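This structure is a prediction, so every number in the text was calculated from the model and none was measured. Only heavy atoms go into these numbers, but all of them, side chains included; no hydrogens, no water, no symmetry mates.
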Amino acid sequence: MFQIFSDFASWLVFDLLGLSAATKAGDAMHFFVEDVTKIFALLVVMIYLIAVIRASLDVERVRDYLAGKSRWFGYMLGSLFGAITPFCSCSSIPVFLGFSSAGIPLGITMAFLITSPLINEVAVLLLMGLLGWKFTLMYILVGMVVGMLGGVFLDAIKAERWLQSFAADALKQGRDKPFESNELQRKALTLSDRHQFARQETADIFGRVWKWVIIGVGLGAALHGFVPDGWIESHLGDGQWWSVPAAVMLGIPLYSNATGVIPVMESLIVNGLPIGTTLAFCMSTVAASFPEFILLKQVMQWKLLATLFAVLLVAFTFVGWTFNIVSF
């Protein structure tokens, strides 16, 4: 499905602009064009579809259902939803706003936001083939636990006070809305009304984040491909305790999307890098990269962004250490 974006980037960069695929400049420009067009398309489609769902379904019923349950049950549901949805942070923004608009507690939303990049469906299939189902199941369970604990921590420190004003307002309004009035309003919406709502929502959110997509992917493209082949395996392949946090910090500027990082993960494992170090490195390139946090800055203040960043780094390091111990 995504091949069309790669083909378009190849036509534009290599055929039209005349850059060579063998050069770092050509590779970086191809990466930039492919990822910008792909993210733009995903953003438009995801924001529109989620807005239609928000207008069509009584998401407040989810809020009311969770209100009668243990908060831990809510964290588990948020983490489970993150595990089964292939969202990166950029496409998670509309989901984040949808949860906030429904008045769902921030910790549950953050459990989703943390787990979604931690557990990638393609990575699950890769690990299943390389290491078997027991190891893969452990990877899924550890990722969900990390997401749940992250949600608990962020609720405990009342992190919702660090949302951007429009996101905080959406959360407050969602909590204050009576369920009955939302039910009546939902029933009154026609198909045309839902389309108009979704179109306006798409225009508003896309207008707020498009320039940050370009800036963020541009940073990633500028760094893409500049780490020499074999450098990571030769410097981080002995399994020392410090190699995991070092791999996490190295992965932050080396932005990649979840699909693009899978062949990197397979190559690192095959070439002898410990499993935990490989997972920590690849998760940081996807979920804690500069482009992702530039996008998340649109819905979070710096304090919340820095807190989430620290939570993810600790989580990635913990996961890496855990799997290195298990695999030895």
Do [X] and [Y] have side chains that approach each other closer than 4.5 Å (heavy atoms only, starting at C-beta)?
{"X": "F40", "Y": "V44", "value": "no"}
{"X": "L77", "Y": "I108", "value": "no"}
{"X": "D155", "Y": "R71", "value": "yes"}
{"X": "F281", "Y": "V248", "value": "no"}
{"X": "I114", "Y": "L149", "value": "no"}
{"X": "Q200", "Y": "Q196", "value": "no"}
{"X": "E34", "Y": "F8", "value": "no"}
{"X": "M110", "Y": "F153", "value": "no"}

Considering all heavy atoms, the nearest [X]-[Y] contact:
{"X": "L16", "Y": "L12", "result": "CB-O, 3.3 Å"}
{"X": "S20", "Y": "F14", "result": "C-CE2, 4.0 Å"}
{"X": "V311", "Y": "G150", "result": "CG1-CA, 4.3 Å"}
{"X": "H30", "Y": "S6", "result": "NE2-O, 3.3 Å"}
{"X": "Y75", "Y": "G107", "result": "CE2-C, 3.7 Å"}
{"X": "S284", "Y": "A247", "result": "OG-O, 3.9 Å"}

Does atom CE of M29 have more than 12 heavy-atom neighbours from other groups under 6.0 Å away?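 No - once you tally the heavy atoms of other residues, nucleotides and ligands closer than 6.0 Å, there are 12 at most.
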
Report task. Tell me whether the centres of the aromatic rings in F318 and W321 are closer together than 6.0 Å. Result ->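 When the ring centroids of F318 and W321 are compared, they turn out to be at least 6.0 Å apart.
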
So, [X] side chain and [Y] main chain: donor-acceptor pair closer than 3.5 Å or not?
{"X": "Q301", "Y": "L163", "result": "yes"}
{"X": "N324", "Y": "G276", "result": "yes"}
{"X": "R161", "Y": "K158", "result": "yes"}
{"X": "T115", "Y": "F112", "result": "no"}
{"X": "Q164", "Y": "M300", "result": "yes"}

From [atom1] ([X]) to [atom2] ([Y]), nearest 0.5 Å:
{"X": "I104", "Y": "T109", "atom1": "CD1", "atom2": "OG1", "result": "6.0 Å"}
{"X": "F309", "Y": "L305", "atom1": "CZ", "atom2": "CG", "result": "9.0 Å"}
{"X": "L113", "Y": "S79", "atom1": "CG", "atom2": "OG", "result": "11.5 Å"}
{"X": "F73", "Y": "L80", "atom1": "CZ", "atom2": "CG", "result": "9.5 Å"}
{"X": "I275", "Y": "F323", "atom1": "CD1", "atom2": "CZ", "result": "9.5 Å"}
{"X": "W162", "Y": "T307", "atom1": "CH2", "atom2": "OG1", "result": "4.5 Å"}

Same cluster or not: L313 versus L154, using hydrophobic residues (I, L, V, M, F, W, Y) connected whenever any side-chain heavy atoms lie under 4.5 Å apart? yes

Practice item. Answer with yes or no whether the hydrophobic clustering places Y48 together with L191; edges join I, L, V, M, F, W, Y residues whose side-chain heavy atoms lie under 4.5 Å apart. Key: no

